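Atoms within each ligand, like the ligands themselves, are counted from 1 in listed order. Keep in mind that this is a model prediction, so the values were computed, not measured.
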Amino acid sequence: MARDNLQGPLSGKRIVFAFGGGIAAYKACHALRLFVHEGAEVRAAMTAAATRFVTPLTVQALSGGPVLTEVLEPSQEAQYGHLDLVRGADLVVIAPATANLIGAVRAGLGGDAVTTTLLAARCPVLLAPAMNVAMWANEIVQQNVEALRAIGRYHFVGPASGLLADGDVGAGRLAEPEEILEAARSLLAPRDLAGRRLVITAGPTREHLDPVRFLSNPSTGRMGYAVAVAARERGARVTLVTGPVELPAPSGVEVVRVVSAAEMLEATLRVVEGADAFIASAAVADQRPVVRAAQKVKKQPGTEDLLLERTPDILATVSARYSSRQERPVLVGFAAETERVEAHAREKLERKGLDLVVANDVSAPGSGFGTDTNQVLLVAAGGTDRLPLQSKRAVAGAVLDRVVALLGS
Ligand code: CTP
């Protein structure tokens with residue numbers, strides 16, 4: 001069934017989303033919705049207990065398809081049986097995975113819609129446990145988890161620690177929906193950057209006039225962080241050199257925090273040696289005050305002059321450093337333009353000696369600073385690709401596809 005038309009990083013992926021019977025089922029609905037939003041084709045199954053917490057009608061409305069709740073009901077089996085449900089699936093997600101469900105999976109039981117579906121699955125399975133603190137700590141539950149992990153095809157996300165619905169505090173909360181999605185993305189990603197090292201710059205820089213004032217721009221760092229996370233998922237070792245942003249450090253990524261363009265250059269040169277690719281997504285401030293006052297500057301009456309000088313060009317410096325060497329990283333730049341996007345991007349490609357420029361019309365709706373989506377052109381020596389408006393995650397995936405191709409050539 002056709003759902004959201006936003007092209008997402010999970011477009012073309014088939015997910016079976018299975019609900020266990022716990023209060024966290026309501027939160028799992030949100031996780032299911034995130035998968036749909038990312039473009040995945042989602043099919044759902046529920047245990048009888050799960051249907052006591054959220055109705056199959058809710059899950060049907062969210063997933064856009066019928067929900068398997070009974071294995072012994074002829075009409076459901078005829079329309080949407082457990083074998084059909086999982087045929088061709090890329091991943092089964094079980095949320096919430098209750099103690100009972102984990103035990104049944106480990107024992108290989110098939111007494112309901114979820115466990116029978118799972119017995120027929122050949123793809124990876126992601127379990128998101130949620131239960132009472134004491135149940136999670138129970139040695140039988142822990143042995144079941146370890147036994148499933150040891151098989152290799154069963155993976156776990158969470159549980160998180162915190163205040164549980166029953167009032168206890170400790171480990172047992174369902175992982176956040178975004179974490180479940182993230183874990184699924186990792187399992188579904190190709191490992192085509194395994195053994196590679198990528199250096200990525202992200203975010204704005206701040207060029208201080210004095211301790212409390214600076215020149216900067218509205219970059220949020222989202223594009224660069226999305227590239228870093230996607231590269232890590234595809235197996236790369238990633239160093240992210242980031243200006244000041246509000247995003248949390250992505251897990252599994254080495255993060256180097258800087259403030260100014262000069263610091264970003266210094267940090268980049270320190271880590272770029274030996275990298276397979278350098279992706280410069282930072283919105284580096286182009287000018288900085290010639291003088292940085294050590295103390296806060298007091299305001300003066302009337303107009304004031306501010307003398308500016310150019311900041312170092314990090315990407316051009318890295319490119320120049322490798323210009324006479326045989327082995328050099330794949331060099332990717334970003335271009336934010338408001339007109340003649342392709343021409344300006346191509347000029348940048350040539351002037352800075354790059355392999356690829358990701359060009360963005362920041363004046364177009366849904367593109368540029370502070371949005372979740374981007375519409376970009378990929379400009380390379382061999383030609384230009386115009387990508388559709390899509391999430392920054394999906395753009396990151398497309399950029400990395402090109403990096404993989406360039407690394408192979
Ligand atoms: N870049 C950099 N260091 C700078 C400036 C830019 O590394 N001091 C990188 C950016 O990360 C981006 C690319 O260079 O990958 C952008 O090129 P640039 O020529 O700076 O783009 P604009 O600022 O848009 O340039 P112009 O003002 O000339 O259009």
Sidechain-backbone polar pair: D276 side chain, R197 backbone, donor-acceptor under 3.5 Å |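 Yes, the answer is positive, given that a donor and an acceptor are paired below the 3.5 Å cut-off.
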
Report yes or no: does T201 contribute a side-chain atom to a donor-acceptor pair with the main-chain N or O of A282 at less than 3.5 Å?
->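 Here the side-chain-to-backbone pair exists.
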
Inspect the surroundings of CZ in R122 and state if more than 12 heavy atoms from other residues, nucleotides or ligands are less than 6.0 Å away.
->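 No.
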
Is the CD atom of E309 crowded by more than 12 outside heavy atoms at less than 6.0 Å?
->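 More than 12 within 6.0 Å, yes.
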
Taking the six-membered ring where the residue is Trp, are the ring centres of F17 and F19 under 6.0 Å apart?
->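 Yes - the distance between ring centres of F17 and F19 falls below the 6.0 Å cut-off.
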
Side-chain H-bond candidate by donor/acceptor type, T242 with Y225, under 3.5 Å |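 Side chains of T242 and Y225: pair found under 3.5 Å.
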
Amino acids in close contact with ligand 1, where any non-hydrogen atom sits under 4.0 angstrom away =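 The 4.0 Å shell around ligand 1 contains A280, A282, V284, D286, T311, P312, D313, I314, L315, G333, F334, A336, K348, R351, K352.
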
